[in-house]
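Okay, structure first, notes after.
Proteins get letters first, then strands, A, B, ... in listed order; numbering begins at 1 in each. Only this structure's heavy atoms are used, side chains among them; waters, hydrogens and symmetry mates stay out.
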Amino acid sequence: MDYLTTLNPEQREAVLHNEGPAMIIAGAGSGKTRVLTVRIAHLIDYHRVDPFNILTLTFTNKAAKEMRQRIETVVGTEARNIWMGTFHSVFAKILRVEAPLLGYPSNFTIYDTDDAKSLLKNIVKEKNLDSKVYKPNVVLNRISAAKNRLIDAKQYKKDATIASYDVKSRLPELANIYLKYEERCFKAGAMDFDDLLFNTYKLLSKHPDALNKYQSKFRYILVDEYQDTNFAQYVIVKKLAARNRNIVVVGDDAQSIYAFRGADIQNILNFEKDYPELRVYKLEQNYRSTNTIVQASSSIIKHNRAQLPKSIWTDNDEGKLIDVIRATSDNEEGKLVAHSIYENKLNHQISYEDQAILYRTNSQSRAMEESLRKLGIGYRIVGGMSFYQRKEIKDLLAYLRLTVNPNDEQALRRVINYPKRGIGDTSVGKLLIASDETGQTLWDIVLKVKGYLGGSVAGKIDGFATMIRSFMIFGQKNDAYDTAMHIAKTSGVLRDLSSDKTIEGVARYENLNELLNGIKQFVDDQEREEKDLGSFLQEIALLTNADEDEEDDREKVTMMTIHSAKGLEFKNVYVCGLEEDLFPSAMMLSSREDLEEERRLFYVAITRAEDQLTLSYATSRYRYGRLFNCSPSRFLEEIDSSYLNVKKPKERSSIFLERKEKPAIGGEKITSKEGGFRLKAKPIRKTFAKKYTAPPDFKPDDPGLLEEGMRVEHSKFGFGVISKIDNAPNSKKAIVTFDEVGEKTLLLSFAKLKIHS
DNA sequence: TTTCTGTACTAATCA
DNA sequence: AGTACAGAAA
């Protein structure tokens with residue numbers, strides 16, 4: 001029970017709350033994760049609750065993992081039996097078992113946003129609708145919103161209000177697209193992200209035995225970040241908790257930032273209505289930030305009308321004022337931020353891992369990256385274009401998906417002609433028509449292709465089907481790694497990539513190997529029981545942006561969107577791009593609700609900082625390759641100016657601005673998963689390869705003169721040092737570490753290198 | 001059927 | 001700046 005002594009009275013009360021519903025309103029930095037973990041530990045350790053009976057829903061898998069580890073220090077390995085994870089991953093786990101009740105195979109595929117969009121694109125095309133009007137993005141958002149409100153395609157079609165709204169917004173065919181989309185997903189044995197929630201709801205409402213089973217299993221339910229749950233999640237939780245009513249939700253209305261995904265603050269208010277016996281606990285003391293930051297954040301959030309009454313306070317020091325940096329361009333903004341980070345380290349011994357750069361949109365990372373690289377500051381980017389979104393990764397994954405579930409239409413279409421095997425769009429189109437007319441899946445048609453197509457194409461398709469079938473048989477007898485390796489080799493994917501000797505091609509090949517390594521680590525994980533391909537695919541389908549690798553973070557600045565930063569904290573935080581139309585986003589200016597959500601997002605951003613907060617903006621910025629002027633964000637004016645230190649451009653030390661540029665280190669994007677393996681993508685940087693252009697008088701030297709350790713100039717990559725020369729008979733190679741683009745292997749018969757002494 | 005090339009269009013946040 | 005698509009040429 002020592003763990004209770006570390007809590008303040010309010011926290012302790014929340015932890016000791018016994019049975020029945022409770023809501024914990026926890027301000028930023030008030031120790032809510034601590035309360036949650038101690039509470040769970042207390043349930044197990046003191047109240048002798050069986051961990052199997054506890055369900056904890058968190059916002060990221062990483063948060064769940066950390067929480068589990070902390071609980072383990074109190075109650076031991078028993079903690080591993082707690083059901084803990086994101087809504088999506090917990091529900092996917094349930095659906096793996098129960099999907100057959102809903103007519104889905106238990107090895108169902110999970111469609112990510114890209115799969116969903118490309119399926120919608122296909123449907124729009126098949127219906128001969130204008131894809132400029134029915135944009136996949138827009139259509140998907142509408143369908144997603146409907147699913148989050150638990151409206152299926154049939155109900156959608158019947159609903160007069162929705163119909164008139166769709167007509168008004170000139171998308172009258174939406175209902176029919178939704179019907180088709182639903183049908184195609186079901187036929188393919190696939191669920192999109194929203195289906196994981198929707199189908200769980202269907203399961204619990206249509207199958208009393210299943211409802212009964214999970215209600216008695218989950219006797220204690222805890223929900224973190226409750227302010228970001230949507231209607232579907234709300235209803236499911238309510239159903240699960242209906243019998244025991246032991247539900248504790250933790251949230252902060254001021255940090256609700258996912259309305260675009262259907263999150264509804266209303267859920268907090270509904271909660272009070274649903275459980276009249278509800279106890280409410282408030283955690284108002286901030287342990288994270290300086291008083292300046294706490295006060296400044298309060299001065300911002302009070303501009304919002306919609307909020308629950310609470311007053312955040314802190315015992316911490318007053319701290320430093322909030323710096324405001326003004327730059328003339330996005331590139332200069334990056335430079336100033338990078339220099340400031342460098343200076344913090346040099347003069348104040350603040351290591352890079354304690355510093356973070358936050359921005360509204362992922363596209364803002366580029367200018368920052370370049371500046372950090374020039375100063376030789378290591379960094380890592382959370383989110384953005386992730387490893388799994390790369391073409392080469394998706395290609396192999398499509399083969400793997402197809403092997404697990406051959407009805408997966410998106411996967412089939414992706415690889416039926418990759419690598420090129422002479423099955424073009426025309427032929428695939430014919431198969432699709434046959435599939436539509438006969439009601440069979442695309443795979444069924446492929447199996448019986450000779451009945452629908454003639455000529456040599458039929459033979460090729462037949463060969464493809466035979467290959468996939470052989471993969472399926474192979475997969476039944478082997479683990480995920482051996483199967484994936486077999487598939488990569490036999491399908492020709494590996495050969496196709498290794499034949500591409502361009503720089504980008506080599507990077508792609510390495511990425512593919514990284515994926516295979518990742519699968520190997522998955523298989524080698526001692527704690528894992530299921531090592532088949534299907535388990536691996538399920539594992540990676542639900543990775544979140546924040547599910548990051550930790551061992552590699554040392555001496556690296558963290559960069560991410562503010563959304564990804566939720567729940568995190570850093571000593572020094574830079575919030576960039578504080579300009580009208582960027583933050584707040586131009587798309588969020590039309591209603592008070594939207595603007596207030598942007599303001600909450602800003603609130604989340606600044607409350608990430610412990611000691612020092614810096615806000616920056618630029619007066620011009622590149623968009624669509626053009627330079628646009630911008631004006632400072634209204635949010636800057638909303639902060640009480642007594643907390644601000646507006647830096648005048650002159651004050652900045654010129655030493656830094658003229659410093660010689662250092663070679664780059666670091667700079668890889670990292671994505672990983674909690675099971676212990678991690679995947680790094682080799683960045684494919686055409687941009688930087690293009691950036692450098694040799695002077696007109698550039699003349700390469702004779703490759704024979706090159707030696708290890710020499711400093712050389714390359715016509716595209718700029719300057720670098722030869723780290724190794726490989727004297728293979730017909731392909732002399734040099735490995736050169738370039739200042740800007742990092743290590744490259746160059747074939748000396750092609751590469752033009754000039755020696756610099 | 002594939003590959004090349006020019007053009008049109010686009011970048012908000014996430015599971 | 002990057003890319004996705006359409007149309008022409010091979």
Side-chain angles (χ1 to χ4, degrees), chain A residues 57-62 85-92 110-118 121 125 131-132 135-137 140-141 144 147-148 191-197 225 228-230 232-233 256-263 330 358-367 382-386 388-389 391 417-429 455-457 460 540-547 560-566 577 581-589 594 597-598 600-602 604-605 621-628 684-688 690-691:
Chain A
L57 297 164
T58 59
F59 202 72
T60 65
N61 291 310
K62 188 186 176 195
T86 62
F87 277 89
H88 288 87
S89 65
V90 166
F91 294 169
I110 297 172
Y111 275 176
D112 67 14
T113 313
D114 290 338
D115 295 316
K117 276 189 215 159
S118 81
K121 208 182 206 173
K125 203 168 177 186
S131 62
K132 304 249 161 65
K135 292 180 190 159
N137 247 327
L140 182 61
N141 281 339
S144 170
K147 284 183 181 173
N148 285 331
M191 299 189 197
D192 65 19
F193 291 135
D194 303 309
D195 287 333
L196 294 174
L197 306 181
E225 308 282 9
D228 285 325
T229 52
N230 61 35
Q233 292 166 326
S256 166
I257 54 174
Y258 280 97
F260 72 89
R261 198 167 93 185
D330 46 358
L358 308 182
Y359 36 75
R360 177 68 236 266
T361 67
N362 278 309
S363 56
Q364 287 168 255
S365 72
R366 175 102 54 67
V382 177
M385 165 86 149
S386 86
Y388 294 99
Q389 286 170 305
K391 183 190 172 298
N417 197 31
Y418 176 79
K420 297 269 172 343
R421 44 175 78 88
I423 307 169
D425 285 345
T426 324
S427 310
V428 176
S456 63
V457 192
K460 289 172 188 164
I540 60 166
L542 294 168
L543 288 177
T544 69
N545 239 352
D547 294 335
M560 63 187 136
T561 63
I562 301 164
H563 282 89
S564 302
K566 189 164 77 152
D581 292 351
L582 179 62
F583 194 18
S585 159
M587 289 156 166
M588 297 292 261
L589 297 175
D594 284 350
E597 170 142 324
E598 290 287 287
R600 289 193 296 270
L601 190 59
F602 186 46
V604 167
R621 185 176 293 277
Y622 279 95
R623 271 166 80 196
Y624 311 117
R626 286 203 107 89
L627 198 61
F628 287 86
I684 301 174
R685 296 197 180 283
K686 287 190 205 157
T687 344
F688 297 108
K690 268 189 214 158
K691 278 258 153 73

Rounded to whole Å, please give me the gap between [atom1] in [X] and [atom2] in [N].
{"X": "A:Ile562", "N": "B:dT13", "atom1": "CD1", "atom2": "C1'", "value": "9 Å"}
{"X": "A:Lys135", "N": "C:dA4", "atom1": "NZ", "atom2": "C1'", "value": "15 Å"}
{"X": "A:Asn137", "N": "B:dT13", "atom1": "CG", "atom2": "C1'", "value": "12 Å"}
{"X": "A:Tyr624", "N": "C:dA1", "atom1": "OH", "atom2": "P", "value": "15 Å"}
{"X": "A:Tyr359", "N": "B:dA12", "atom1": "OH", "atom2": "C1'", "value": "13 Å"}
{"X": "A:Leu358", "N": "B:dT13", "atom1": "CG", "atom2": "P", "value": "14 Å"}
{"X": "A:Leu196", "N": "B:dC14", "atom1": "CG", "atom2": "P", "value": "18 Å"}
{"X": "A:Arg623", "N": "C:dG2", "atom1": "CZ", "atom2": "P", "value": "17 Å"}

Worksheet item: Relative to each other, are the rings of A:His563 and A:Phe260 parallel, tilted or perpendicular (30° and 60° limits)?
Response: perpendicular
Sequence neighbours excluded, which residues qualify as side chain to side chain donor-acceptor pair (under 3.5 Å) partners of [X]?
{"X": "A:Asp112", "result": "A:Lys394"}
{"X": "A:Asp192", "result": "A:Lys147, A:Tyr181"}
{"X": "A:Tyr111", "result": "A:Asp408"}
{"X": "A:Ser363", "result": "A:Thr361"}

Response to the item:
A:Arg261 meets the salt bridge (Lys or Arg N to Asp or Glu O under 4.0 Å) criterion, sequence neighbours left out, with none
Practice prompt. For nucleotides B:dC14 and C:dT3, find the distance between their C1' atoms and express it as a whole number of Å.
Written response: 22 Å
Worksheet item: If we take the P atom in both B:dT13 and C:dA4, what is their distance in whole Å?
Response: 16 Å
Would you say [X] places a side-chain N or O within less than 4.0 Å of OP1 or OP2 belonging to [N]?
{"X": "A:Asn417", "N": "B:dT2", "value": "yes"}
{"X": "A:Asn362", "N": "B:dA12", "value": "no"}
{"X": "A:Ser363", "N": "B:dA12", "value": "no"}
{"X": "A:Ser564", "N": "B:dC14", "value": "yes"}
{"X": "A:Thr561", "N": "B:dC14", "value": "yes"}

Fill in: Nearest-nucleotide 5' precedence on DNA chain B, A:Ser427 against A:Phe59
A:Ser427
Worksheet item: Quick one: on DNA chain B, does A:Asn141 or A:Lys420 contact a more 5' nucleotide (nearest heavy atom)?
Response: A:Lys420
Worksheet item: Does a distance-only test, which skips hydrogens and angles, find a donor-acceptor pair under 3.5 Å between the side chain of A:Arg360 and the base of B:dA12?
Response: yes
Worksheet item: With distance as the sole criterion, do the side chain of A:Thr361 and the base of B:dA12 form a donor-acceptor contact below 3.5 Å?
Response: no
Practice prompt. Report which part of the nucleic acid A:Ser89 touches: base, sugar-phosphate, or nothing (heavy-atom distance under 4.0 Å, all strands).
Written response: nothing
Worksheet item: How is A:Tyr622 classified with respect to the nucleic acid when contacts are heavy atoms under 4.0 Å: base, sugar-phosphate, or nothing?
Response: nothing
Item to complete: Would you name the heavy atoms of A:Gly262 and A:Asn230 that are closest together and state the gap between them?
Response: O-CB, 3.0 Å
Worksheet item: With centres under 5.5 Å and planes under 30°, do A:Phe260 and B:dT13 count as stacked?
Response: yes
Distances under 3.5 Å only, N/O to N/O: pair up the protein atoms with those of nucleotides 5-9 of chain C.
from  : atom 1 : to       : atom 2 : distance (Å)
C:dC5 : OP1    : A:Lys121 : NZ     : 2.1

Worksheet entry | Within 45° cone of A:Tyr258 ring axis and under 6.0 Å: A:Lys566 NZ or CZ | no
